[in-house]
Amino acid sequence: MPSSTLLAALVNFLTAAMALGLALIVLWENAHSRTNRLFAGFLLALCPYGIASVLNRYTDEFDLDLSDGIRVSTVFFTIALIFLILFNFEFARSTERWMRMGQALTAIVALASTAYFAAGDWLEDPHITSAGHVSYHTSPLTKLSMLFAISMLVASAWALWHSERKGSRALFWPVSLTPLGFSSFFVPVLDDLPMLSITLAAVALLTARVVLRLELFDPLAQLNKELAASNNRLNKALQDLTASNADLAEAHQRQSTFLADMSHELRTPLNSIIGFSDLLLQGTYGPLSDTQSDRLTHVLRNSQHLLRLINDLLDLSKINAGQMQLTRVAFDPVPVLDTLVETIHPLVASKGLQFERRYQELPPLCADEARFQQIMMNLLSNAVKYTHTGTLSLEGAVEDGMARLVVRDTGIGIPPKHLEHIFDEFYQVATRRTPHSPGTGLGLAIARRLVELHGGRIWVESEVNTGSAFFVTMPLAPTPESQEA
Ligand code: ADP
């Protein structure tokens, strides 16, 4: 077998394999791009062209018809050329009108040529030369269509050269190479070389390099750059955020410490105002006139209110500063709750309300007794404060391994939109009936923080004009059985 046959077969086979691989890469990378699809069309048409060209050299061995083989390879070659020219025009996009005209002309003539090559009478004397090369004579019409293809290639190369688009000039050179492929038809000396296959393989490779660079590598590099830039921005934002977080935490800590100090400083003189007002009212320093004792009662009441507010602020700032220490002990909650109920009893009675105690079965808790008292007192005093008729109740039971306490009232209730906020600091519900709430908006916030410090939960269920129920869970003291388990 002549070595040129082997060379030509090898070139054709490699062209087919490479074209298939490149087509898959280009389509996989972006099948939505029109230029990619046209280029893939060119590559995919090169595959059957290459395989047919290989087989044409072995028609005797495989008992094939040479003229059929030449028709097949020529048809696919023409299709490949159509796609290449369409791709060039599309890529150049020099002016929309020229591009469309060039594409339309190519498509019409190329379709006619394809039909002619597939069925027409253009092939004369197809044979394998002594050098193993496929040889045939073509009709003048065939040569004419080749000249047309060459001129369209030149036109598309011209469009590429003048295009503004990035990469167009890089495509100009491989496209300009293509007409070389036809040289064997016009220059007899080159007849023995697989010029067409060599040229097409080179064009496919060089063009794919540009397409892949523009469509794949450049965008990837750009993406990488953008990613790095946004990463930098994110890092910077994170640093800023961390810094301002630290500043905020420090400011918060300073504020809490300041509040704690101030509350302490305020409480001392207030206690003496309360103490002396009380003594004055009791007549320790002599009798008072009605007006004096009335005004002094105001002083006493307002000072007590101020003291409560300061105490709340002190507690809250302690909790916020992380300085609230709990002294957890096991204790029986029943007498503690009894004392609380007794404390509020005068108020309950003065408003004509009923009170039900349903907590006698509660087992010992493990909690800070004073803080537990404070939580329950806040809830009980709210219940009295916001209830005008009906019944209050305090229930206690064990549920899911925790003590569950419920303070129920038949008071004004809380509108649904406020429910999720009432445990926030300084949050008060302003309604028509309570335009200025008598409290400070701190009681529930403190209760929630204290409950959470104990590992419990606090929540509310409420209906306007029907009443509210505040639920609290608290840890139980370990029993001998639970300790054994
Ligand atoms: P305040 O000192 O204002 O009572 P709290 O934090 O204790 O502050 O309560 C927040 C708000 O929740 C109150 O202003 C009130 O509007 C509402 N609230 C609390 N308890 C009840 C209740 N039992 N019935 C109706 N509203 C309540």
Side-chain angles (χ1 to χ4, degrees), residues 259 263 266 270 301-320 324 337 340-341 343-345 347-359 370-396 404-454 456-473:
L259 263 177
S263 306
L266 288 170
L270 247 185
R301 206 177 299 139
N302 283 326
S303 310
Q304 280 165 340
H305 178 68
L306 199 57
L307 184 64
R308 268 199 305 279
L309 179 60
I310 289 169
N311 281 341
D312 281 355
L313 277 174
L314 179 66
D315 284 345
L316 205 66
S317 54
K318 255 194 195 162
I319 297 172
N320 284 341
M324 174 66 76
L337 294 174
L340 292 182
V341 174
T343 313
I344 60 157
H345 180 73
L347 256 178
V348 174
S350 72
K351 290 182 101 175
L353 304 171
Q354 304 296 317
F355 199 100
E356 290 174 7
R357 307 178 194 213
R358 275 186 251 133
Y359 50 81
R371 297 302 172 189
F372 171 70
Q373 265 189 42
Q374 191 178 355
I375 297 165
M376 297 315 295
M377 192 58 188
N378 283 355
L379 298 183
L380 285 168
S381 56
N382 275 352
V384 185
K385 203 165 24 169
Y386 299 107
T387 305
H388 306 297
T389 53
T391 310
L392 313 180
S393 71
L394 175 55
E395 299 155 25
R404 198 171 87 159
L405 295 120
V406 191
V407 178
R408 267 182 224 281
D409 64 54
T410 52
I412 59 172
I414 301 162
K417 67 174 176 176
H418 295 289
L419 283 178
E420 60 175 310
H421 297 296
I422 56 163
F423 294 100
D424 295 347
E425 291 165 22
F426 303 105
Y427 194 89
Q428 290 188 293
V429 181
T431 62
R432 239 176 334 119
R433 288 184 69 183
T434 56
H436 300 291
S437 174
T440 57
L442 284 176
L444 289 182
I446 292 173
R448 187 187 69 178
R449 300 298 196 90
L450 290 176
V451 170
E452 285 172 357
L453 278 178
H454 279 91
R457 245 169 28 92
I458 183 167
W459 70 101
V460 62
E461 286 170 9
S462 184
E463 207 172 309
V464 176
N465 295 332
T466 305
S468 312
F470 283 83
F471 297 79
V472 168
T473 61

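Counting convention: from 1, in listed order, for ligands and their atoms alike. Fair warning: this is a prediction, and the values are worked out from it, not measured in the lab.
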Exercise. Using non-hydrogen atoms of the residue, decide whether His418 is closer than 4.0 angstrom to ligand 1.
Key: no
Quiz item: Can you find a non-hydrogen atom of Gly411 under 4.0 Å from ligand 1?
Solution: no
Using atom types as modelled and distance alone, determine if a side-chain donor or acceptor of [X] lies under 3.5 Å from a backbone N or O of [Y].
X: Thr387; Y: Val384; result: no
X: Ser393; Y: Glu356; result: no
X: Asp409; Y: Ser468; result: yes
X: Thr410; Y: Thr391; result: yes

Are any of the side-chain heavy atoms of [X] and [Y] separated by less than 4.5 Å?
X: Arg449; Y: Met324; value: no
X: Asp424; Y: Arg448; value: yes
X: Leu337; Y: Leu405; value: yes

Run the numbers for me: atoms of ligand 1, each under 4.0 Å from some heavy atom of [X], listed by number.
X: Gly443; answer: 5 (P), 6 (O), 7 (O)
X: Ile414; answer: 25 (C), 26 (N), 27 (C)
X: Lys385; answer: 1 (P), 2 (O), 4 (O)
X: Val429; answer: 14 (O), 16 (O)
X: Leu442; answer: 6 (O), 8 (O)

Quiz item: Polar-atom distance check: Ile412 versus ligand 1, any N or O pair below 3.5 Å?
Solution: no
Quiz prompt | Contact (N/O only, under 3.5 Å) between Gly413 and ligand 1 | solution = no
Quiz prompt | Polar contact flag, side-chain donor to acceptor under 3.5 angstrom, Gln304-Arg301 | solution = no
Self-check item: Phe426, Phe470, Tyr386, Tyr427: member with heavy atom nearest to atom 24 (N) of ligand 1
Solution: Tyr386
Exercise. Determine, considering heavy atoms only, which of Leu444, Asn378, Ile446 sits nearest to atom 6 (O) of ligand 1.
Key: Leu444
